[in-house]
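Below is one structure, written out as structure tokens; the observations come after it.
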Amino acid sequence: MRLGTDVYKQDGIKLAKDLLGKILVRKIDDRLIKCKIVETESYIGPEDKGCHAYKNKRTKRTEVMFWEGGHAYIYLIYGMYNCLNIVANCKDKPEAVLIRGVEPLSEIETLKEKRNIKSNKIEDLTNGPGKLCKALEITKELNGYDLIHGDELYIVENDEEFEIVEAKRINIDYAQEYKDKLWRFYIKNNKFVSKKSSTD
DNA sequence: GTACCGATGTTCT
DNA sequence: GAACATCGGTACC
């Protein structure tokens, strides 16, 4: 069962928690890569100084964040890596959830080929926002993609019990008082979380 | 295990 | 021209 608008239209913090444990599906050449979402971060424009859409800053890059919840917001960071976000809330409310870590459930060999790294550890394939985008071939071509109706990238339900850890977001030192907000969420004791918190 | 460093390109000032 | 929601390698403990 795919997630529908009722889920995506929640605010960015509720959505970040709701997405944990759900299954992200990427279709490439008739192969289905399935990954469990294990780590997320909320970005809440216009108030959040860490958010690209702080003060409702609407540019070519941030445009998708202003769309209705349920689209993919993908941008290039440090000139090299893409980051996948899920747009939350209603139209003109620029909120999004960054996917920071996923646990592969299928097509491990495909992921290894796409990543092409020396490490043999499975967790190194997808335990970071740039890594998982490379592994799943998520590029800016999918920016603005409709996760509710599209076939190449979408999210499905998954019922599972787990404990959620709340932590500070990563690498947003410039965000002043907003850098200490506990807007990062992850599944406790999961190996595919990019960075453990000291309170874990 | 931690620490630093360079790669790289788009966006916005 | 600077900043950037990162990563992988190397050099050290």
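Small disclaimer: the values here were computed from a predicted structure and weren't measured. First the proteins, then the strands, lettered A, B, ... as listed; each starts at 1.
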Under 3.5 Å donor-acceptor pair, A:Y174 side-chain atoms to C:dA3 base atoms: no
Close side-chain approach of A:R61 to A:H52, heavy-atom, < 4.5 Å: yes
d(CD1, A:I117; P, C:dG9) in whole Å: 8 Å
A:R169 NZ/CZ over A:Y178 ring centroid, <6.0 Å and within 45° of normal: no
Base-pairing assignment for B:dA7 (Watson-Crick or G-U wobble, both under 3.5 Å): C:dT6
Test item: A:D11 and A:E95 side chains (from C-beta on) under 4.5 Å apart, heavy atoms: yes
C:dA5 phosphate, OP1 or OP2, under 4.0 Å from A:N171 side-chain N/O: no
Phosphate OP1/OP2 of C:dC4: any A:Y81 side-chain N/O under 4.0 Å: no
Sugar-phosphate only, base, or nothing, as touched by A:G130 at under 4.0 Å among non-hydrogen atoms: sugar-phosphate
Nucleotide paired to B:dG1 in any strand shown, Watson-Crick or G-U, under 3.5 Å: C:dC12
Sugar-phosphate only, base, or nothing, as touched by A:G50 at under 4.0 Å among non-hydrogen atoms: base
C:dT6 OP1/OP2 closer than 4.0 Å to side-chain N/O of A:Y78: yes
Touch class at under 4.0 angstrom, heavy-atom based, for A:K179 against every strand present: nothing
Contact check, side chains of A:C51 and A:M65, non-hydrogen atoms, under 4.5 Å: yes
Nucleotide C:dA5, atom C1' - distance to NZ of A:K49 in whole Å: 17 Å
5'-most by nearest nucleotide on DNA chain C - A:Y73 or A:K118: A:Y73
4.5 Å side-chain heavy-atom contact, A:L142 and A:R26: yes
Rounded distance in Å - CG (A:L132) to P (C:dA5): 16 Å
Chi angles and distances behind the side-chain hydrogen bond (donor to acceptor under 3.5 Å, both in side chains) call for A:Y154, A:H149: CA-CA 8 Å; A:Y154 54 93; A:H149 303 104; over 6 Å; no
Between C:dG8 (C1') and A:E123 (CD): distance, integer Å: 16 Å
Close side-chain approach of A:T40 and A:R100, heavy atoms under 4.5 Å: no
Atom-to-atom span, CG of A:D173 to C1' of C:dA5 - whole angstrom: 11 Å
Rounded distance in Å - CG (A:N82) to P (C:dC7): 11 Å
Euclidean distance, atom CG of residue A:N127 to atom P of C:dG8 [Å, nearest integer]: 8 Å
Sugar-phosphate only, base, or nothing, as touched by A:L76 at under 4.0 Å among non-hydrogen atoms: sugar-phosphate
Integer-rounded Å distance: B:dT10 C1' and A:H52 NE2: 11 Å
Touch class at under 4.0 angstrom, heavy-atom based, for A:K131 against every strand present: sugar-phosphate
Nucleic acid contacts - residues 54-69 of chain A versus DNA chain C, non-hydrogen atoms under 4.0 Å: none
Short side-chain N/O contact from A:R115 to OP1 or OP2 of C:dG8, under 4.0 Å: yes
Option passing side-chain hydrogen bond (donor to acceptor under 3.5 Å, both in side chains) with A:T110 (candidates A:E107, A:K114, A:E113, A:K112): A:E107
Touch class at under 4.0 angstrom, heavy-atom based, for A:R169 against every strand present: nothing
